[in-house]
Structures are given as C-alpha cells and as structure tokens.
Amino acid sequence: MARTSLRDTSNGKIFSTANLIFGIGQISKMTDVSTRQLRYWESKGYIKPKEREDGNTSRLYGYDTFLKVSGIKLMLDEGYTLAASVERTDALMAEAFNIRGFLLDAYHGEATIDGQTMLDLGYFDEDHTQRLYAHRTADNRVHYVVKPENGAN
DNA sequence: TTTCTGACA
DNA sequence: TGTCAGGA
C-alpha cells in the first residue's frame with residue numbers, strides 16, 4: 001500500500017504558513033517587541049508589512065516576519081546592536097532555509113531496515129544500485145547505512 | 001479598542 | 001524608545 005510522504009504530498013502545501021497573518025499588536029505580544037519598535041524597524045527597512053489591496057492602512061505581517069522579529073529580538077537581548085541583530089538574523093534565516101531545502105531534496109521517504117525505521121536518502125551511487133539510509137541513535141548521533149536497491153546483493 | 005503618524009523628552 | 005495627541 002502507498003504511504004503518504006512529505007516528499008510527494010500537496011506540492012509542499014501541507015503545513016503551509018501562508019495564511020498565518022498577524023497585526024502589529026499580535027506580533028508585539030508574541031515577540032515582546034513594542035509596536036513603536038516595529039514601526040521604527042520598518043522605517044529603517046529591517047521589516048516589511050504585507051502588501052494589501054484593500055483600503056485598510058493597518059499593518060499585517062506574515063509568518064516570515066514573525067520569525068525575523070523573533071530573531072532580532074533574541075540577538076538584541078544577547079547584547080547586539082539593532083543593525084548587527086538584523087544582519088545576524090538574516091544570515092541565520094538564510095542558512096535555515098537552505099538547510100530545509102536541502103533536507104527536503106535529500107529526503108526520499110521512510111524505510112524499515114533491519115527492523116529499524118530509517119530515512120531513505122536516495123541513491124548512493126551513480127549507477128543507482130545502492131541506496132543510502134540514515135537514522136539517529138539513542139544518543140542522537142546520525143548513523144548511515146548503504147543497502148543494495150533490490151535487497152539481493 | 002486598536003492602529004496610525006508626528007512630535008517631544 | 002516611551003508616551004501622548006488627535007484622528008480614523
């Protein structure tokens with residue numbers, strides 16, 4: 001029987017954050033950053049409210065902005081200047097999205113190898129005769145296993 | 001009630 | 001950045 005996998009489900013629409021929209025007051029409470037600061041950061045070009053077609057002038061922020069504000073706030077609390085906090089948050093977010101994209105491309109589903117549930121990481125070699133699997137050990141170390149494609153090695 | 005811009009401390 | 005004014 002076919003099983004559902006993140007790799008081929010809804011074109012990535014599952015767990016989408018596209019409809020997570022927040023007002024300035026909500027973002028403020030969620031991140032503990034004042035509305036005054038949020039408007040100031042916007043004036044500095046650090047954050048950008050969502051474009052809106054209706055006449056309403058109140059700001060709306062997407063999930064991405066919530067993440068960015070959270071990151072900046074964290075750096076600020078660590079003692080970095082606002083500019084440095086923005087720079088570091090941008091870098092970390094870029095890295096995080098890179099990792100996410102890489103992982104989604106590398107992930108080919110789950111497989112049970114020797115009674116152990118493992119991640120199928122796809123073909124291991126150029127001629128597609130072996131697949132690479134990985135799983136985490138009890139102490140959270142990553143363990144890799146290479147197995148022949150058809151099981152008859 | 002919430003949000004907005006501008007201004008003053 | 002906080003806070004207040006005066007509107008919307």
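Labels below follow one simple rule: chain letters A, B, ... track the order of the sequence lines, proteins then strands, and each chain is numbered from 1.
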Taking ring pair (Phe, Tyr, Trp, His ring centres under 6.0 Å) as the cut-off, I'd like each qualifying pair that reaches into residues 21-65 of chain A, sequence neighbours left out, listed once.
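Pairs touching residues 21-65 of chain A that pass the test: Tyr63(A)-Phe66(A).
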Give every residue pair that meets the ring pair (Phe, Tyr, Trp, His ring centres under 6.0 Å) criterion with at least one member in residues 119-139 of chain A, sequence neighbours excluded.
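Residue pairs passing ring pair (Phe, Tyr, Trp, His ring centres under 6.0 Å), neighbours aside: Tyr123(A)-His128(A), His135(A)-His143(A).
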List, one per line, each side-chain donor-acceptor pair under 3.5 Å for residues 90-102 of chain A, sequence neighbours excluded.
from, atom 1, to, atom 2, distance (Å)
Asp90(A), OD1, Lys68(A), NZ, 3.1

Indicate yes or no for a side-chain donor-acceptor contact from Gln116(A) to the backbone of Ile113(A) under 3.5 Å, with no hydrogens or angles considered.
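No, because the side chain of Gln116(A) does not come within donor-acceptor range (under 3.5 Å) of the backbone of Ile113(A).
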Thr89(A) side chain to Ile72(A) backbone, donor-acceptor under 3.5 Å:
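The answer is yes, because a donor-acceptor pair under 3.5 Å joins these two groups.
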Closest non-hydrogen atom pair between Ser28(A) and Val33(A), with its separation
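Closest approach of Ser28(A) to Val33(A), heavy atoms only: OG-O, 2.7 Å.
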Taking salt bridge (charged side-chain N to carboxylate O under 4.0 Å, His left out) as the definition, give me every residue that meets it alongside [X], ordered by chain and number, with sequence neighbours left out.
X         : answer
Arg59(A)  : Glu42(A)
Asp139(A) : none
Glu87(A)  : none
Asp77(A)  : Lys73(A)

Symbol by symbol from the 5' end, with Watson-Crick or G-U pairs under 3.5 Å, [ ] crossing and | another strand, DNA chain C is ||||||.|
Applying the 4.5 Å side-chain criterion to the ILVMFWY set and letting contacts propagate, would Leu76(A) and Leu38(A) be lumped into a single cluster?
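Both belong to a single hydrophobic cluster.
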Identify, residue by residue, the members of residues 25-40 of chain A with a heavy atom below 4.0 Å from DNA chain C, and return them in order of residue number, or none.
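By residue number: Ser34(A), Arg36(A), Gln37(A).
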Below 4.0 angstrom, which residues in residues 71-83 of chain A have at least one non-hydrogen atom near DNA chain B?
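Within residues 71-83 of chain A, no residue comes under 4.0 Å of DNA chain B.
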Using the heavy-atom set of chain A and a strict 4.0 Å cut-off, write down the first and last nucleotide of DNA chain B that makes it in, 5' to 3'.
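Terminal contacting nucleotides, 5' to 3': dT3(B) to dA7(B).
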Assess the residue pair Ile24(A) and Arg39(A) against the criterion (side-chain contact (heavy atoms from CB on, under 4.5 Å)); give the C-alpha distance rounded to whole Å, side-chain angles, the decisive distance to 0.1 Å, and a yes or no.
CA-CA 9 Å; Ile24(A) 193 169; Arg39(A) 296 191 183 96; 3.8 Å; yes
Listing time: all N or O pairs from protein to nucleotides 4-8 of chain C that are below 3.5 Å?
none

side-chain contact (heavy atoms from CB on, under 4.5 Å) between Ser58(A) and Arg52(A), worked out
CA-CA 9 Å; Ser58(A) 63; Arg52(A) 48 190 306 172; 3.4 Å; yes
Take Thr65(A) and Ile27(A) through the test side-chain contact (heavy atoms from CB on, under 4.5 Å) and record every step on the way to the result.
CA-CA 9 Å; Thr65(A) 301; Ile27(A) 291 288; 5.5 Å; no
Check the pair Glu149(A) / Asp125(A) against side-chain contact (heavy atoms from CB on, under 4.5 Å), numbers first and verdict last.
CA-CA 10 Å; Glu149(A) 169 72 321; Asp125(A) 53 349; over 6 Å; no
